[in-house]
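To keep things clear, I will list the structure first and then write my remarks on it.
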Amino acid sequence: MNIELNIANLVAQGIKNLYHQELTATELTIQPTKKEFEGDFTFVTFALTKLLRKKPEEIGEEIGKFLKENNPFIANYNVIKGFLNLKLSQSFWLQTLATIAATPNFGNAAFHGTKVMVEYSSPNTNKPLHLGHLRNNFLGYAVAEILKANGYDVMKTNLVNDRGIHICKSMLAYQKFGEGETPETAGMKGDHLVGKYYVVFDKANKQQIQELVAQYQQDTPNEDIEKLKEKAGKNTPLILEAQEMLKKWEEGDAETVDLWKKMNGWVYAGFDETYKMMGVNFDKIYYESNTYLLGKNVVEEGLAKGVFFKKENGSVWIDLKEEGLDEKLVLRADGTSVYITQDLGTADYKYADFPMEKSIYVVGNEQDYHFKVLFTILKKLGRNYAGGMYHLSYGMVELPSGKMKSREGTVVDADDLIAEMMTIAEERTKELGKIDDFSSEDAKNLYRMLALGALKYYLLRVEPKKTMLFNPEESIDFQGDTGVYIQFNHARIASLIRRADLLHIPYHSESFVAKATLQEVEIELLKLISFFPQRIQEAANEYSPSVIADFAYQLSKAYSRFYNELSVFNEPDEATKSMRLALSAETAKAIKNAMNMIGAEVPERM
RNA sequence: GUUUUGGUAGCUCAGUUGGAUAGAGCAACUGCCUUCUAAGCAGUAGGUCAUUGGUUCGAAUCCAAUCCAGAACACCA
């Protein structure tokens, strides 16, 4: 359903009849009429003045008259300057409601099976998830769901960064200071425990840097302090030991690998719990420990094809100056991989797994350059899938004090934040006392729903690429433009529908089409629902869940207005009563569908 | 320095791809629960759309320059 397109077609027909000019519907501007004017949709005539050599008002008058006379759905029209405002008839809107009601999963596109992979989350296994990860996870999950709603065959993946020097840091600190502590003995989630040792490492290492710098200063008192710090950072006993450990790990040293397995196991258990709480999931999980050696064959291939070149010291590069980028290293002189080497190999690996037409990487905008380079290289290598690759780049979540820094303890922990939101949801719900008859299990489920709904909506309503601000002092709101407001409207409708069903009041199409009367608020609401398919498409085209979040909010707001202005059960006209129930039911369905698409659940009662 | 992304109400954000008098929420103020869930509704107040110039019937939106802020530019990941 696309009402604007239909109207554009009617206008095009009118132009053909009146002026003998062939214009396609997409060349014509149709938009919803601004609320301060009379009408539902507006055709902008300015653009035609040159072609038709007429005044904009004149064109509006002529087309308006033609449409009204030749189409029963056009009830009326008025012209203000270059704007032709068209009012659609009651019967048109009632028919629209009937069509929406008869369409299962209204808004969703038919399945076409185009394969798309969405990689998101991709955590490090050396520290627990924080607020920034929440934005990533919610975004990735939502984009995947939105693509599904648009008919794609979606594969959600997670590439876990489970090896490397940073992992060795936690391992080393644990080995030195852990005293055999486990998540059980410490009473901590595994990811938090491992994160604790990452911090321990950092602290001890900082101490060593200071000591080294002091020593350097004695030896070379005239050297620049920053340079000394940099040098010290690379040479502390702890860093050297961590590097040694990494080497051992790569050689498969049994003791090191066992420790790594043990600690990663703790982290995975912790992550699983958090993922479950967040309501996100994956179809396949990749581990860097399995993929970090990939890509060397790609380097050979690139050399053979002349896409890459070798420098005298044996390192391999690609020249991307023509693309406005720089020279980029793809293999070290000692033959070992760099970050981009594995990403090249992993891209092939993923494609072999799932031959997708689109591949989306949900990764923060600090890696914009990296992905530009990666995609360019793959194109140059002639990968046919390269054209479908997309870096869904999102902005950082900042605190009023600036960036979150784990070293300064200003990180907002994901588990803590969710727990806090649940507590607030519980307090607020108990205050209102509307679910006193709930079992404690049902109540807890509601708190989780509300907490996560609030959090997801809060993070997803903002356009992905924008940096956003989170103020821990002010807890996330439950009023106004929030997830909870939307959930509240759903619960309210659910309550109406329960009552209608109990009283056996019908609300199928036959009970209202051609009989009921619609008020302005109802038409506004119906109009919004009818836009759902376009909004879903828009969200998919732009990989932007904020479009769906906004849709759910606009819809809830329109419903709230309707709910306060008009009564359902006190309406004397039976057909109109049925229509209002049907309208409510369809609103609830659209709200639920939209909220599910951004990963938020919606309650029947709250 | 180069590249890149932003700058809209006191605060947090929208703005349907160039359309009419730029919108929401929060915070402030005023009304509305004997009535389908008030986690609500209605209203008041709040703007040099960073600045300047350009493109045209028409610019928050497109182009150029400038200012401010963030990020990236490692034989790190």
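Worth knowing before you read on, the calculation uses all heavy atoms, side chains too, and leaves out hydrogens, waters and symmetry mates. Each chain gets a letter, A, B and so on, in the order its sequence line appears, and its residues count up from 1.
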**Complete:** Contacts of Arg428(A) and Lys311(A) projected onto RNA chain B by closest heavy atom; the upstream (5') one is Arg428(A)
**Prompt:** What form does the base of U17(B) take, syn (within 90° of 0) or anti?
**Reply:** syn
**Asked** Is the NZ or CZ atom of Arg499(A) both under 6.0 Å from the centre of the six-membered ring of Phe569(A) and within 45° of that ring's axis?
**Response** yes
**Asked** Between atom CE in Met404(A) and atom C1' in A71(B), what is the gap in whole Å?
**Response** 15 Å
**Request:** Give a yes or no on whether a salt bridge exists between Glu398(A) and Arg135(A), defined as a side-chain N under 4.0 angstrom from a carboxylate O.
**Result:** no
**Item:** Per-nucleotide protein contact string for nucleotides 23-33 of chain B, where B marks a base within reach and S marks sugar-phosphate only (heavy atoms under 4.0 Å, - for neither)
**Value:** -SSS-------
**Prompt:** Looking for any heavy atom pair under 4.0 Å, which part of the strands does Thr42(A) touch: base, sugar-phosphate only, or nothing?
**Reply:** base
**Prompt:** G40(B) and G25(B): how far apart are their C1' atoms, nearest whole angstrom?
**Reply:** 14 Å
**Request:** Quick one: closest heavy-atom pair of Val547(A) and Arg535(A), and the distance?
**Result:** CG1-O, 3.5 Å
**Prompt:** Among U21(B), A38(B), U35(B), which nucleotide sits nearest the side chain of Lys81(A)?
**Reply:** U21(B)
**Request:** Check every strand shown and say whether Leu320(A) touches a base, only sugar-phosphate, or nothing at a heavy-atom separation below 4.0 Å.
**Result:** nothing
**Message:** I need the CD-C1' distance between Glu323(A) and U3(B), as an integer number of Å.
**Reply:** 14 Å
**Item:** Donor-acceptor contact present, side-chain Ser530(A) to main-chain Lys527(A), <3.5 Å
**Value:** yes
**Item:** Side-chain-base donor-acceptor pair under 3.5 Å for Asn85(A) and A20(B)
**Value:** yes
**Request:** Just call it for Asn161(A): base, sugar-phosphate, or nothing, with non-hydrogen atoms closer than 4.0 Å on any strand.
**Result:** sugar-phosphate
**Asked** Considering only C36(B), C41(B), G40(B), which nucleotide approaches the side chain of Phe488(A) most closely?
**Response** G40(B)
**Non-hydrogen atoms of Gln487(A) and Met449(A) that approach each other most closely** = NE2-O, 3.1 Å
**Side-chain N or O of Arg492(A) closer than 4.0 Å to phosphate OP1/OP2 of A38(B)** = yes
**Prompt:** So, is Arg332(A) close to the A77(B) phosphate, meaning a side-chain N or O under 4.0 Å from OP1 or OP2?
**Reply:** yes
**Message:** G70(B), OP1 or OP2 - any side-chain N/O from Thr467(A) closer than 4.0 Å?
**Reply:** no
**Chi-based syn or anti call at C57(B), which uses purine or pyrimidine torsion atoms and a 90° bound** = anti
**Prompt:** Rounding to the closest angstrom, what is the interatomic distance between G23(B) and U44(B) at atom P?
**Reply:** 13 Å
**Item:** Side-chain N or O of Tyr559(A) closer than 4.0 Å to phosphate OP1/OP2 of C36(B)
**Value:** no
**Prompt:** Distance between the P atoms of A65(B) and A24(B), in whole angstroms?
**Reply:** 36 Å
**Message:** Using every non-hydrogen atom in the two residues, find where Ala585(A) and Tyr507(A) come nearest and quote the distance to one decimal.
**Reply:** CB-CE1, 4.2 Å
**OP1 or OP2 of U37(B) under 4.0 Å from side-chain N/O of Arg605(A)** = no
**Asked** What is the ring orientation for Tyr292(A) with Trp249(A), classed by angle as parallel under 30°, tilted 30 to 60°, or perpendicular over 60°?
**Response** tilted
**Request:** Name the nucleic acid region contacted by Tyr339(A), choosing base, sugar-phosphate or nothing; use a 4.0 angstrom heavy-atom cut-off, strictly under.
**Result:** base
**Asked** What nucleotide, of U37(B), A71(B), C13(B), holds the atom closest to the side chain of Met468(A)?
**Response** C13(B)
**Prompt:** Are any of Ser560(A)'s side-chain N or O atoms less than 4.0 Å away from OP1 or OP2 of C41(B)?
**Reply:** yes
**Request:** Check whether NZ of the Lys or CZ of the Arg Arg492(A) lies under 6.0 Å from the centre of the six-membered ring of Tyr563(A) and within 45 degrees of that ring's axis.
**Result:** yes
**Message:** In terms of relative ring orientation, are Phe531(A) and Phe41(A) parallel, tilted or perpendicular, with 30° and 60° separating the classes?
**Reply:** perpendicular
**Prompt:** Does the ring centre of Phe83(A) sit less than 6.0 Å away from the ring centre of Phe46(A)?
**Reply:** yes
**Item:** C1' gap between A38(B) and G31(B), integer Å
**Value:** 14 Å
**Nearest-angstrom distance, C1' atom, G70(B) to C33(B)** = 48 Å
**Message:** Parallel, tilted or perpendicular: which one describes the rings of Tyr553(A) and Tyr457(A), with boundaries at 30° and 60°?
**Reply:** tilted
**Request:** Please report the closest heavy-atom contact between Ala600(A) and Lys456(A), naming both atoms and the distance.
**Result:** N-CD, 4.2 Å
**Prompt:** When we call it a touch if two heavy atoms are under 4.0 Å apart, what does Glu538(A) touch: a base, just sugar-phosphate, or nothing?
**Reply:** nothing
**Asked** For nucleotides 4-10 of chain B, read 5' to 3', which letter fits each nucleotide if B means a protein heavy atom sits under 4.0 Å from the base, S means only the sugar-phosphate is that close, and - means neither?
**Response** SSSS---
**Request:** Report yes if the ring of Phe83(A) lies under 5.5 Å from the six-membered base ring of G19(B) with planes under 30°, and no otherwise.
**Result:** no
**Asked** Which part of the nucleic acid does Val484(A) contact within heavy-atom distance under 4.0 Å: base, sugar-phosphate only, or nothing?
**Response** base
**Closest-nucleotide ordering on RNA chain B, the 5'-leading residue of Asp334(A) and Lys50(A)** = Lys50(A)
**Asked** Planes under 30° and centres closer than 5.5 Å, is that true for Phe46(A) with the base of G58(B)?
**Response** no
**Message:** Quick one, Met595(A) with Glu601(A), criterion side-chain contact (heavy atoms from CB on, under 4.5 Å). Give me CA distance, side-chain angles, the key distance, then yes/no.
**Reply:** CA-CA 6 Å; Met595(A) 287 293 268; Glu601(A) 294 172 70; over 6 Å; no
**Message:** Using a 4.0 Å heavy-atom cut-off, does Val44(A) contact any base of the nucleic acid, only the sugar-phosphate backbone, or nothing at all?
**Reply:** base
**Request:** Report the distance from atom CE of Met606(A) to atom C1' of G40(B), rounded to the nearest whole Å.
**Result:** 11 Å
**Prompt:** Taking the side chain of Phe569(A) as heavy atoms from C-beta outward, which of A20(B), A39(B), C36(B) is closest to it?
**Reply:** C36(B)
**Request:** Take atom P in G18(B) and the same atom in C13(B), then report the distance between them in whole Å.
**Result:** 24 Å
**Asked** Gln537(A) near the nucleic acid: base, sugar-phosphate alone, or nothing, with a heavy-atom cut-off under 4.0 Å?
**Response** nothing
**Separation between the C1' atoms of C68(B) and U51(B), rounded to whole Å** = 11 Å
**Request:** Indicate whether OP1 or OP2 belonging to A39(B) is found under 4.0 Å from a side-chain N or O atom of Lys434(A).
**Result:** yes
**Contact summary for Leu496(A) and Leu581(A), nearest pair of heavy atoms** = O-CD2, 4.4 Å
**Distance, P atom - from A22(B) to A45(B), rounded to whole angstrom** = 14 Å
**Prompt:** Quick check, are the ring centers of Phe562(A) and Tyr559(A) under 6.0 angstrom apart?
**Reply:** yes
**Request:** Ignoring the backbone of Ala491(A), work out which of U16(B), C13(B), U37(B) is nearest its side chain.
**Result:** U37(B)
**Prompt:** Which string of ( ) [ ] | and . matches RNA chain B, if you list each base 5' to 3' and count Watson-Crick or G-U pairs only when both distances are under 3.5 Å?
**Reply:** (((((((..((((.....[...)))).(((((.......))))).....(((((..]....))))))))))))....
